[in-house]
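Since the structure comes first, as structure tokens, the remarks are kept for the end.
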Amino acid sequence: MGGFSSGNGGQELQIKGETDPLIVDADAVPVLPTEIKTKSSVEHTPSPNRSHRAQLHAYMVGLSEKYDIDLTEGIVMYGCRETMDVEIFHVEFDPKFWEDVVLEWATAHTQYRLADELPPAEPEREWECKFCPFQERCGQGESDYSDVTQYGLLPGCDYPRLKVLDYLEAHDDDRLTPTLAKKYPDLVDQYGVVPWRCPKCASSFNRNLDTSAVGDDSKPLCPNCAEEDHLVELRFPSLEDRQRSTVAGKSPDGNEPT
């Protein structure tokens with residue numbers, strides 16, 4: 001989809017996405033966009049969900065711009081996964097809804113993205129957090145993290161192998177976390193490891209830390225200090241610190257490379 005003026009100082013927003021099935025004419029020009037959702041039941045569904053109306057409005061505006069047409073109506077269809085019953089709602093384009101809901105939301109989230117901040121953990125529906133890729137960063141997941149930047153691998157968190165590879169290939173200034181180094185030891189030689197570092201004794205630890213004895217993978221304690229009866233939580237450098245160390249020609253723990 002293309003760019004749209006938000007009405008907030010004439011700022012242009014880019015909304016990108018794919019539509020659900022389109023009804024088109026003989027020349028393949030869109031006539032009626034649809035938004036199709038499945039539910040456990042379509043009973044007690046008197047009107048389309050606000051977020052689904054918003055998606056359909058984005059389809060109408062984006063397709064109108066792309067094909068130089070004026071789409072002003074579409075349908076939201078809900079289908080029951082068990083009975084195959086459907087509920088269909090005709091939706092007309094509402095300029096006020098577009099400005100006050102869709103563009104307002106897009107403008108706010110653009111500002112968060114430009115500031116490298118996550119939006120507040122305030123979903124419209126509780127189930128949304130379950131499918132959010134940032135749930136471990138905002139405090140809604142199982143980790144102890146909250147209000148963490150959207151970039152970088154989180155220490156102590158598990159990631160699928162393919163996602164780890166995709167990330168490291170796209171960020172050659174970053175390394176594996178100790179947790180991932182233990183899980184994928186065959187990747188260590190190629191990508192390296194960002195070590196834990198003790199702020200008290202300045203010791204560094206890569207993947208061979210026995211977290212079962214000195215804490216867990218997300219907040220391990222320094223084993224050297226523990227032997228001296230000091231419980232000191234190890235620290236993991238932020239992505240920004242790791243990038244600065246790489247630019248300065250140092251390894252992620254701040255030492256000169258050997």
*asked:* side-chain contact (heavy atoms from CB on, under 4.5 Å) for Leu165 and Leu187? Distances and angles first, verdict last.
replied: CA-CA 9 Å; Leu165 290 172; Leu187 301 181; 3.8 Å; yes

_Flag if over 12 foreign heavy atoms under 6.0 Å of CG, Asp25_ =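 Enclosed: over 12 neighbouring heavy atoms sit under 6.0 Å from CG of Asp25.
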
*Would you indicate whether Arg161, at its atom CZ, is surrounded by more than 12 heavy atoms from other residues, nucleotides or ligands within a distance under 6.0 Å?*
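Check passes, neighbour count above 12.
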
Could you tell me whether the side chain of [X] and the main chain of [Y] form a donor-acceptor pair under 3.5 Å?
{"X": "Asp27", "Y": "Val29", "answer": "no"}
{"X": "His52", "Y": "Pro48", "answer": "no"}
{"X": "Thr34", "Y": "Pro21", "answer": "yes"}
{"X": "Arg81", "Y": "Thr38", "answer": "yes"}
{"X": "Thr45", "Y": "Val42", "answer": "yes"}

*Which class fits the ring pair His171 and Tyr167: parallel under 30°, tilted 30 to 60°, perpendicular over 60°?*
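The arrangement is parallel - the two ring planes meet at less than 30°.
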
*Do Tyr78 and Asp85 have a side chain donor and acceptor closer than 3.5 Å?*
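Absent: no donor and acceptor within the cut-off.
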
_Short side-chain donor-acceptor distance under 3.5 Å, Ser203 and Asn224_ =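 Yes, because at least one side-chain N or O of Asn224 sits under 3.5 Å from a partner of the opposite role on Ser203.
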
*Is Asp158 salt-bridged to Lys163, cutoff N-O under 4.0 Å?*
no

Are [X] and [Y] packed together at the side-chain level, in the sense that at least one heavy-atom pair is separated by less than 4.5 angstrom?
{"X": "Leu118", "Y": "Tyr112", "result": "no"}
{"X": "Lys37", "Y": "Gln55", "result": "yes"}
{"X": "Cys201", "Y": "Cys222", "result": "yes"}
{"X": "Val194", "Y": "Asp174", "result": "yes"}

How far does [atom1] of [X] sit from [atom2] of [Y], to the nearest 0.5 angstrom?
{"X": "Gln140", "Y": "Glu122", "atom1": "CD", "atom2": "CD", "result": "10.0 Å"}
{"X": "Tyr191", "Y": "Leu168", "atom1": "OH", "atom2": "CG", "result": "6.0 Å"}
{"X": "Thr19", "Y": "Glu35", "atom1": "OG1", "atom2": "CD", "result": "9.0 Å"}
{"X": "Leu56", "Y": "Ser51", "atom1": "CG", "atom2": "OG", "result": "11.5 Å"}
{"X": "Met60", "Y": "His57", "atom1": "CE", "atom2": "NE2", "result": "4.5 Å"}
{"X": "Arg197", "Y": "Leu234", "atom1": "CZ", "atom2": "CG", "result": "11.0 Å"}

Tell me whether [Y] is reachable from [X] by hopping between hydrophobic residues (I, L, V, M, F, W, Y) whose side-chain heavy atoms are closer than 4.5 Å.
{"X": "Val232", "Y": "Leu221", "value": "no"}
{"X": "Ile36", "Y": "Leu32", "value": "yes"}
{"X": "Val164", "Y": "Val188", "value": "yes"}

*Show the numbers, then the answer: is there a side-chain contact (heavy atoms from CB on, under 4.5 Å) between Glu104 and Glu99?*
CA-CA 6 Å; Glu104 187 69 25; Glu99 288 282 343; over 6 Å; no

Over all heavy atoms of both residues, which pair between [X] and [Y] is shortest? Give the atoms and the distance, please.
{"X": "Cys129", "Y": "Pro123", "answer": "SG-CG, 3.6 Å"}
{"X": "Glu136", "Y": "Leu154", "answer": "O-CD1, 3.9 Å"}
{"X": "Lys96", "Y": "Asp94", "answer": "N-OD1, 3.0 Å"}

*Verify side-chain contact (heavy atoms from CB on, under 4.5 Å) between Leu71 and Ile69, making sure each step is shown before the conclusion.*
CA-CA 6 Å; Leu71 287 177; Ile69 55 179; 3.7 Å; yes

*Who passes ring pair (Phe, Tyr, Trp, His ring centres under 6.0 Å) against Tyr67, sequence neighbours left out?*
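Expected list: none.
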
All N/O donor-acceptor pairs, side-chain side in residues 86-93, below 3.5 Å, sequence neighbours left out:
| from | atom 1 | to | atom 2 | distance (Å) |
| --- | --- | --- | --- | --- |
| His90 | NE2 | Glu73 | OE1 | 2.6 |

*Step by step, would you call Leu63 with Leu22 a side-chain contact (heavy atoms from CB on, under 4.5 Å)?*
CA-CA 10 Å; Leu63 291 168; Leu22 288 170; 3.4 Å; yes

